[in-house]
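Below: one structure, written as structure tokens.
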Amino acid sequence: MADDPLPFDELVAHARETRVVVVGGGIGGLVAALECAKIGMQVTVFEASDRLGGLVRSADVAGLTLDVGAESYATRGGHVRRLVEELGLADEIVAPLPGGAWLAGLPGAAPLPKGGVLGIPENPFTDDVRAIIGWRGAWRAYADRLRPVLTIGEERSLGRLVRRRMGDRVLDRLVAPVTSGVYSADPDDIDVELAAPGLNAALTNAGSLSGAVAALARSRAEAPGSAVEGISGGMSRLVDALGARLVELGADIQVETPVEAIVPTAEPGVKPGWTVRTAEGDLNAEQVIVACSESAARALLAGLIGPADSDRVAPRVHVVTLVVDAPDLDGAPRGTGVLTVPGSHRAKALTHSSAKWPWLGEAAAVGHPHRHVVRVSFGTQSEAPATDGLGRDDATTLALAEASALLGVRLDATHLVGSDIARYEQTLPGAAIGQREAAAAVRATLSKVPGIVAVGAWLSGTGLAQVVPDARAQSEVLRRATLFGSAPASE
Ligand SMILES: Cc1cc2nc3c(=O)[nH]c(=O)nc-3n(C[C@H](O)[C@H](O)[C@H](O)COP(=O)(O)OP(=O)(O)OC[C@H]3O[C@@H](n4cnc5c(N)ncnc54)[C@H](O)[C@@H]3O)c2cc1C
């Protein structure tokens with residue numbers, strides 16, 4: 001149209017002439033690839049392993065397709081839900097049963113107290129909190145109300161803040177199990193403001209940590225909807241749907257094709273850009289999206305961003321999934337799962353998946369009324385997985401013993417129907433102290449390099465609710481740079 005401010009035909013043609021290579025087919029890479037394919041760019045995804053999804057992984061065990069990596073997404077911001085809806089899976093969105101989890105290693109076990117933030121209680125004298133920290137711990141925590149208000153500055157370390165205000169018992173028995181189970185990290189290493197945005201400000205207003213937790217918990221309770229959701233049939237359906245949509249849009253997806261190097265294109269007559277090297281040969285691209293784990297990304301971008309700080313060690317996590325026939329689990333004796341007090345057990349957490357997700361409970365029970373699915377997780381930042389060096393059989397035996405102790409139910413090889421072990425190198429949580437600054441430094445450096453962006457949990461923070469919007473934002477940076485020539489800027 002003559003009066004159109006933008007030359008659409010030219011833009012469309014330009015998009016179609018642009019080749020984008022995405023290195024890594026996890027959720028970050030697939031979402032970024034989708035955003036580029038949508039506007040007609042020629043997209044190639046190289047994935048090192050034999051399947052897409054990265055840490056969103058499934059395994060077939062005893063006839064069931066089970067999530068053995070991520071099993072849900074946070075509803076925060078609505079980003080993942082929008083993606084799920086866009087991919088036609090809106091009717092498959094499910095909420096977990098609100099059964100609640102337990103805490104083990106006190107000694108004994110008790111239900112995790114309701115309410116609170118990151119395990120920090122609003123009121124240390126309620127029966128459920130006192131059952132865990134005892135009268136001594138409750139009185140020490142109450143001292144928080146009597147201590148002088150924190151007026152100067154903010155406490156950055158969650159562990160230090162809780163220890164100072166409420167004492168060791170709240171920290172060790174309520175907060176550490178949560179940070180270890182959720183972030184695989186010690187509370188001392190967690191940044192308060194990133195893990196619980198608003199807590200520091202509420203502390204200044206309320207004058208005590210318990211008052212701040214109450215205010216924050218109230219505001220969260222007013223926000224509609226459950227904190228996490230899943231997909232009936234498992235999160236791997238999201239990966240399948242992303243892969244299928246990419247193929248529909250003409251993207252080329254190559255699995256079992258690790259990228260070995262990314263170097264500036266230096267061929268006469270070829271457009272400036274990047275040459276992406278795999279064992280299959282070289283591919284020239286105007287734009288590259290690096291979407292692998294931190295260690296792989298830093299190796300590929302070594303000339304640009306350098307290595308990670310040696311003191312920032314990513315936690316290794318192993319997940320052993322057990323399918324068992326066990327009538328004693330029918331009543332879900334530990335609700336949806338168990339967190340452990342660090343150091344008390346060899347496992348760090350357990351999820352009774354078939355009790356947590358009704359669709360899975362129903363699928364497991366078809367023809368086997370007492371069949372259950374249980375996931376046992378090992379390893380944190382400060383503790384190597386107890387399953388290290390064990391083959392599947394030995395890891396399964398250890399996981400059965402841990403599950404038995406954590407669930408308070410006898411479980412052994414006679415109950416076992418099938419098992420799987422998945423081993424991961426997890427990214428440091430985005431809420432780890434220093435992680436955000438390290439990510440910002442990488443983004444600042446890359447923003448000066450034309451034609452390359454990087455996405456993924458090591459830059460956005462862990463969890464799909466962070467990876468998905470960040471991958472979209474970075475693709476937009478790349479699209480703008482391609483179509484309008486605006487300098488890539490860090491978002
Ligand atoms: C056990 C576990 C449970 C979790 N549970 C949840 C949960 O319930 N909810 C939630 O939101 N999050 C969860 N997370 C976190 C979430 O899964 C991740 O934050 C997210 O999936 C990371 O996506 P990504 O694309 O950044 O990276 P990845 O998933 O790690 O993808 C990177 C991909 O790059 C590929 N790659 C690496 N090197 C190369 C190379 N040289 N060439 C080509 N490809 C390469 C890898 O094979 C991989 O497929 C969990 C994580 C783990 C480990």
Side-chain angles (χ1 to χ4, degrees), residues 21-33 44-57 67-77 79-81 83 96 181-184 227-231 234-236 238-239 242-243 253-262 276-280 288-301 314-321 337 348-349 351 353 356-357 375-380 385 420-430 439 454-468 470-471 474:
V21 169
V22 180
V23 184
I27 290 293
L30 294 176
V31 167
T44 300
V45 179
F46 288 126
E47 164 55 42
S49 73
D50 59 358
R51 40 156 204 86
L52 298 177
L55 304 184
V56 182
R57 188 182 301 181
D67 285 325
V68 295
E71 51 143 27
S72 64
Y73 57 87
T75 54
R76 196 176 56 244
H79 304 288
V80 188
R81 179 180 257 263
L83 175 67
V182 176
Y183 297 113
S184 306
V228 298
E229 291 174 341
I231 298 176
M235 289 300 291
S236 55
L238 177 63
V239 175
L242 275 165
I253 298 178
Q254 302 197 23
V255 294
E256 294 187 275
T257 315
V259 169
E260 294 164 358
I262 303 169
V276 179
R277 190 153 294 156
T278 70
E280 311 298 315
V288 175
I289 299 175
V290 178
C292 26
S293 60
E294 175 163 11
S295 51
R298 284 192 184 270
L300 290 172
L301 298 172
R316 287 182 304 112
V317 174
H318 295 176
V319 177
V320 182
T321 302
K348 70 162 181 174
T351 307
S353 306
K356 181 172 182 181
W357 301 103
R375 280 165 50 128
V376 189
S377 313
F378 296 89
T380 65
D420 173 83
I421 176 158
R423 302 173 203 262
Y424 303 96
E425 181 192 311
Q426 227 184 357
T427 308
L428 275 174
V455 302
W458 66 288
L459 292 165
S460 67
T462 44
L464 305 189
Q466 308 211 75
V467 172
V468 167
D470 179 75
Q474 289 300 310

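These figures come from a predicted structure and were not determined experimentally. In listed order, ligands and their atoms are each counted from 1.
- Listed by atom number, the atoms of ligand 1 under 4.0 Å from G54 heavy atoms are 29 (O), 31 (O), 48 (C), 49 (O).
- If you number the atoms of ligand 1 from 1 as listed, the ones under 4.0 Å from a heavy atom of V23 come out as 42 (N), 43 (C).
- Of the possible polar contacts, none joining the R298 side chain to the S293 backbone as a donor-acceptor pair under 3.5 Å is found.
- V228 places none of its side-chain heavy atoms less than 4.5 Å from the side chain of E71.
- Considering backbone and side-chain atoms alike, Y73 places every N or O at 3.5 Å or more from each N or O of ligand 1.
- Near I27, meaning under 4.0 Å from one of its heavy atoms, ligand 1 places the atoms 25 (O).
- The shortest N/O to N/O separation between G456 and ligand 1 does not fall below 3.5 Å.
- Nearest to atom 29 (O) of ligand 1 by heavy atom, out of D67, V276, L55, is L55.
- Nearest non-hydrogen protein atom to atom 47 (O) of ligand 1 is E47 OE2, 2.6 Å.
- The shortest N or O to N or O distance between T462 and ligand 1 is not under 3.5 Å.
- Applying the 4.0 Å criterion to heavy atoms of V319 picks out, from ligand 1, the atoms 1 (C).
- The main-chain N or O of A227 is found under 3.5 Å from a side-chain atom of T75 such that the two form a donor-acceptor pair.
- With respect to atom 13 (C) of ligand 1, the closest heavy atom belonging to the protein is A70 CB, 3.5 Å.
- Between L300 and ligand 1, a contact under 3.5 Å exists for no N or O pair.
- In the candidate list G69, S293, A74, G463, G69 is nearest to atom 3 (C) of ligand 1, counting heavy atoms.
- Counting only heavy atoms of the protein, atom 32 (C) of ligand 1 lies nearest to A291 O, 3.5 Å.
- Among all heavy-atom pairs drawn from V455 and L459, the shortest one is N-CD1, 4.2 Å.
- In terms of heavy-atom proximity, T380 sits nearest to P315 at C-CB, 3.8 Å.
- In this structure, the protein non-hydrogen atom closest to atom 31 (O) of ligand 1 is G26 CA, 3.4 Å.
- Within the 4.5 Å cutoff, the side chain of E229 has no heavy atoms near those of the V80 side chain.
- Protein heavy atom at the shortest distance from atom 34 (O) of ligand 1 is G24 CA, 3.4 Å.
- Taking distance alone, with nitrogen or oxygen atoms compared against 3.5 Å, P258 stays at or beyond that limit from ligand 1.
- Ligand 1 has an N or O atom lying under 3.5 Å from an N or O atom of G28, backbone or side chain.
- R51 places a side-chain heavy atom less than 4.5 Å from the side chain of R57.
- Note: an N/O pair closer than 3.5 Å links A48 and ligand 1 by distance alone.
- Considering backbone and side-chain atoms together, G29 places no N or O closer than 3.5 Å to any N or O of ligand 1.
- The protein atom (non-hydrogen) at minimum distance from atom 51 (C) of ligand 1 is Q426 NE2, 3.4 Å.
- For atom 27 (O) of ligand 1, the nearest protein heavy atom is 4.0 Å or more away.
- With sequence neighbours excluded, the residues satisfying side-chain contact (heavy atoms from CB on, under 4.5 Å) with L242 are I27, L30, V31, L34, L83, L87, L238.
- Atoms of ligand 1 found under 4.0 Å from any heavy atom of E71 (numbered from 1 in listed order, with element): 7 (C), 8 (O).
- Contact record, A33 with V45: CB-CG2, 3.8 Å, taken as the closest heavy-atom pair.
- Near A457, meaning under 4.0 Å from one of its heavy atoms, ligand 1 places the atoms 19 (O), 22 (C), 26 (O).
- At least one N or O atom of V259 sits closer than 3.5 Å to an N or O atom of ligand 1.
- Between atom CZ of residue R277 and atom CZ of residue F46 there is a gap of 12.0 Å, rounded to the nearest 0.5 Å.
- With hydrogens and angles disregarded, no donor-acceptor distance shorter than 3.5 Å links the side chain of T351 to the backbone of S353.
- Closest protein heavy atom to atom 7 (C) of ligand 1: S72 O, 3.4 Å.
- Contact between G181 and K348 at its shortest, heavy atoms only, is O-NZ, 3.8 Å.
- Taking both residues in full, the closest heavy atoms of R76 and A465 are given as NH2-CB, 3.8 Å, listed atom of the first, atom of the second, then distance.
- The side-chain hydrogen bond (donor to acceptor under 3.5 Å, both in side chains) analysis of residues 459-468, with sequence neighbours excluded, yields no pairs.
- Polar contact check, T257 against ligand 1: no nitrogen or oxygen pair lies under 3.5 Å apart.
- Considering only non-hydrogen protein atoms, atom 36 (N) of ligand 1 sits nearest to C292 CB, 3.6 Å.
- Under 4.0 angstrom from ligand 1, the non-hydrogen atoms of Y424 all belong to its side chain.
- Closest approach of A471 to G28, counting heavy atoms only: CB-O, 3.5 Å.
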